[in-house]
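Naming: A, B, ... by sequence-line order, numbering from 1 per chain.
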Amino acid sequence: MSSHPSRKGSKSASPPSLTNRITGGANTLSRERSVRTNRKFDKFNDCLLKPDINMSDLRSFAWSGIPSELRPIVWPILLGYLPLNSTTRNQTLIRKRAEYAELVRLAFARGREGLEFAVWHQIEIDVPRTRPGVQLWMEAATQRSLERILYVWAIRHPASGYVQGINDLVTPFYQTFLSAYIVSDPEIFDPGLLSPEVLNAIEADTFWCLSRLLDGIQDNYINAQPGIHRSVKKMKDLVKKINAPLVKHLDEEGVEFMQFAFRWMNCLLMRELSVKNIIRMWDTYMVCRKDAFSEFHLYVCSAFLLTWKDELQAMDFQGIIMFLQSLPTANWTNHEIELLLSGAFVLHSTWHNAPGHLGGS
Amino acid sequence: MTEQSNYDYLFKIVLIGDSGVGKSNLLSRFTRNEFNNDSKSTIGVEFATRSINVDGKTVKAQIWDTAGQERYRAITAAYYRGAVGALLVYDIAKQATYASVTRWLKELRDHADSNIVITLVGNKSDLKHLRSVPTEEAKNFSTENGLSFIETSAMDASNVEAAFQNILTDIYRIVSNRALESSSEPAIQPSGGQTITVSPSVDAATGKSGCC
Ligand SMILES: Nc1nc2c(ncn2[C@@H]2O[C@H](COP(=O)(O)OP(=O)(O)OP(=O)(O)O)[C@@H](O)[C@H]2O)c(=O)[nH]1
Ligand SMILES: [Mg+2]
């Protein structure tokens with residue numbers, strides 16, 4: 001099915017490098033690109049070309065979205081996986097990728113019998129149910145990668161282990177890093193066509209970035225999931241401040257925030273929005289401090305709920321639950337996501353440090 | 001918005017059992033006649049309804065499909081409250097999911113109404129060549145533990161309709177008998193009979209009975 005890969009940056013220079021996507025100018029760009037987008041790309045590119053990247057510059061550019069060609073290098077820098085200093089960047093990549101390869105080797109050294117059964121078992125059930133129907137995720141090579149990433153992460157974090165939904169969180173990273181090595185759409189590509197070295201690089205970069213993200217939201221996945229309970233409660237308090245009649249209506253109908261917002265927290269809205277939407281959303285999340293995936297996210301969830309305040313007001317219990325369980329976001333583009341993010345930003349600036357309310361945690 | 005009170009009884013049912021046994025597919029088969037070979041895992045709970053006819057009455061089932069993974073037990077257990085029926089599902093091709101049944105029964109004892117009607121459901125009966133749980137064994141276990149028992153396939157649709165129809169009928173009979181008994185002999189209550197909470201009441205109809 002998949003077209004033959006036309007690999008980029010495969011001049012056999014090791015390591016498989018994310019950085020060779022940065023160019024000296026905009027001359028490599030396609031002509032269709034608008035002038036405005038070109039300028040944005042150039043600004044980014046210049047910022048990334050500096051021997052010492054200025055983090056606040058990078059943040060301010062990234063806030064409004066990262067050009068997809070640059071995302072594979074910008075995300076790791078924003079997450080702190082790659083250093084700002086360009087001279088040590090390649091060494092870091094080489095070291096972290098080797099480290100990941102070693103973690104994998106150790107985890108699987110004793111074959112299937114040596115695996116932690118319960119963890120492995122759940123991962124095996126969930127891997128084929130990750131982005132079902134999308135060709136990339138149905139390919140054996142992708143599924144094996146996903147299994148390794150999830151298993152290695154789980155055994156390194158025994159307090160939570162593997163929790164369903166973490167599999168979803170792997171996909172934006174994997175697709176983004178895969179896109180650094182191919183020209184075609186990652187979603188219709190078979191990574192089995194890549195060299196083992198490149199495949200390991202994609203997997204390792206995904207693993208380390210996922211780990212960074214999850215570091216900030218571990219409380220969501222440990223026993224009794226206190227992080228989620230806290231966020232859902234805060235979200236309800238916040239929505240009540242903003243739109244008391246909506247919360248009153250939900251209360252009267254017997255709708256609990258846990259009934260719908262649990263999943264919004266557990267999967268970071270990945271079940272509600274497309275992966276493309278989520279990738280754009282994460283550009284902005286990664287700009288914020290480390291707590292974006294917990295703290296800022298609950299403001300996003302609140303703004304998200306308020307998007308449908310009028311519809312919800314007119315519905316009864318069953319209507320509300322069914323509606324929130326399959327929201328009409330299939331056609332959402334960057335435009336809707338950016339509206340959502342700016343709405344959340346306004347809520348955050350208004351309420352985050354408001355005295356006696358929601359401030360701190 | 002949705003169907004208002006065009007039913008005589010509203011029964012809340014929960015679907016429980018290990019992850020991957022096919023709970024979500026049983027639900028989609030029953031409520032939408034759909035089977036999805038590549039469904040996603042359930043996070044927390046999902047909800048669907050369908051009305052059926054029992055003895056000339058319209059019985060509406062409000063079904064909560066729960067996540068199977070252990071980690072979600074704390075959140076899903078909250079949904080057992082007010083449920084009058086439970087379909088406890090295992091996979092006939094996976095012994096481990098059958099071995100978990102006792103643990104699920106304990107969950108129900110700890111969190112659900114003591115009068116809850118339970119059906120043990122051996123799903124994936126289409127996987128004949130992979131069967132690892134003999135029908136007789138599960139049937140005997142059910143008898144010993146006062147459960148109903150049925151084998152289903154969400155994939156080829158066999159017995160799915162029956163599984164839901166049977167449990168809803170059982171609940172209907174219990175509820176309507178109780179109504180009958182208590183109206184003819186108000187002094188005599190069937191033992192513990194008061195605890196089946198979901199009867200044709202306005203509260204339950206609008207979800208005001210609340211969950212979690
Ligand atoms: N052969 C066969 N496969 C089935 C049947 N029912 C479900 N499956 C498959 O089993 C897998 C899991 O089904 P789900 O319905 O998602 O399982 P679940 O019990 O809801 O799992 P959790 O949401 O993780 O608790 C899917 O790949 C289904 O296609 C069945 O009757 N026969
Ligand atoms: Mg399910």
Side-chain angles (χ1 to χ4, degrees), chain A residues 117-118 121-122 124-134 137-138 160-165 167-168 220-226 228-229 232 250-267 270-271 311-312 314-326, chain B residues 1-5 7 10 12 18-22 24-25 31-32 36-51 60 62-79 81-82 91 94 96-97 100 202-212:
Chain A
F117 176 76
H121 176 66
Q122 189 65 60
E124 264 192 322
I125 294 175
D126 285 359
V127 163
R129 293 193 294 172
T130 304
R131 300 219 60 209
V134 176
W137 294 97
M138 297 296 101
S160 60
Y162 168 69
V163 178
Q164 293 182 303
N167 57 331
D168 289 334
N220 285 0
Y221 304 111
I222 60 175
N223 192 30
Q225 307 191 266
I228 295 185
H229 285 269
V232 171
L250 296 178
D251 280 344
E252 282 171 357
E253 288 299 322
V255 176
E256 299 275 349
F257 273 58
M258 277 302 263
Q259 288 163 347
F260 59 91
F262 179 85
R263 188 168 80 176
W264 295 8
M265 303 299 168
N266 193 84
C267 302
M270 289 208 61
R271 294 291 179 94
E311 289 90 332
L312 294 169
M315 293 176 183
D316 67 357
F317 173 79
Q318 182 179 324
I320 293 167
I321 295 286
M322 303 287 268
F323 181 73
L324 291 174
Q325 185 165 281
S326 54
Chain B
M1 203 59 209
T2 41
E3 358 161 26
Q4 287 297 316
S5 38
Y7 53 85
L10 176 74
K12 176 175 164 184
D18 280 5
S19 177
V21 297
S24 298
N25 276 284
T31 57
R32 303 192 299 275
N36 206 338
N37 229 324
D38 30 56
S39 56
K40 293 181 183 174
S41 63
T42 305
I43 305 295
V45 292
E46 271 169 51
F47 173 88
T49 67
R50 195 186 133 186
S51 294
K60 179 169 169 179
Q62 189 186 75
I63 308 158
W64 293 90
D65 169 27
T66 64
Q69 198 187 8
E70 181 92 38
R71 182 50 40 87
Y72 293 121
R73 215 54 60 81
I75 148 134
T76 53
Y79 292 85
R81 198 152 56 89
D91 175 347
K94 293 234 165 65
T97 66
S100 300
V202 181
D203 272 5
T206 52
K208 271 172 200 146
S209 52
C211 326
C212 75

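For the residue pair B:Gln69 and A:Tyr162, the shortest heavy atom distance occurs at NE2-O, 2.8 Å. Between B:Ile43 and A:Gln164, the shortest heavy-atom distance links the atoms CD1-O, 3.6 Å.
Heavy-atom distances place no part of A:Phe260 under 4.5 Å from chain B, backbone and side chain included. At a 4.5 Å heavy-atom cutoff, the contact between A:Asn223 and chain B is made by backbone and side-chain atoms alike.
No donor-acceptor distance shorter than 3.5 angstrom exists from the side chain of B:Glu46 to the backbone of A:Gln325, with no hydrogens or angles considered.
The most heavy-atom pairs under 4.5 Å with chain A, out of B:Ser19, B:Ser41, B:Ser39, come from B:Ser41. Heavy-atom pairs under 4.5 Å with chain B peak, among A:Thr130, A:Ile222, A:Asn167, at A:Ile222. In terms of heavy-atom pairs under 4.5 Å with chain B, the best-connected choice from A:Asp168, A:Ile228, A:Ile125, A:Ile320 is A:Ile125. With chain B as partner, the option from A:Arg131, A:Arg129, A:His229, A:Met138 having the largest number of non-hydrogen pairs under 4.5 angstrom is A:Arg129.
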* To do: Run the numbers on A:Met270 and B:Lys40 for side-chain contact (heavy atoms from CB on, under 4.5 Å), then give the verdict.
  => CA-CA 12 Å; A:Met270 289 208 61; B:Lys40 293 181 183 174; over 6 Å; no

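Atoms CD and OH, from A:Gln225 and B:Tyr72 in turn, are 5.5 Å apart once rounded to the nearest 0.5 Å. Between atom CD of residue A:Gln259 and atom CH2 of residue B:Trp64 there is a gap of 4.0 Å, rounded to the nearest 0.5 Å. The distance from atom CD1 of B:Ile75 to atom CZ of A:Arg263, rounded to the nearest 0.5 Å, is 11.5 Å.
Under the 4.5 Å side-chain criterion, counting only non-hydrogen atoms from C-beta, A:Ser160 is in contact with B:Arg71.
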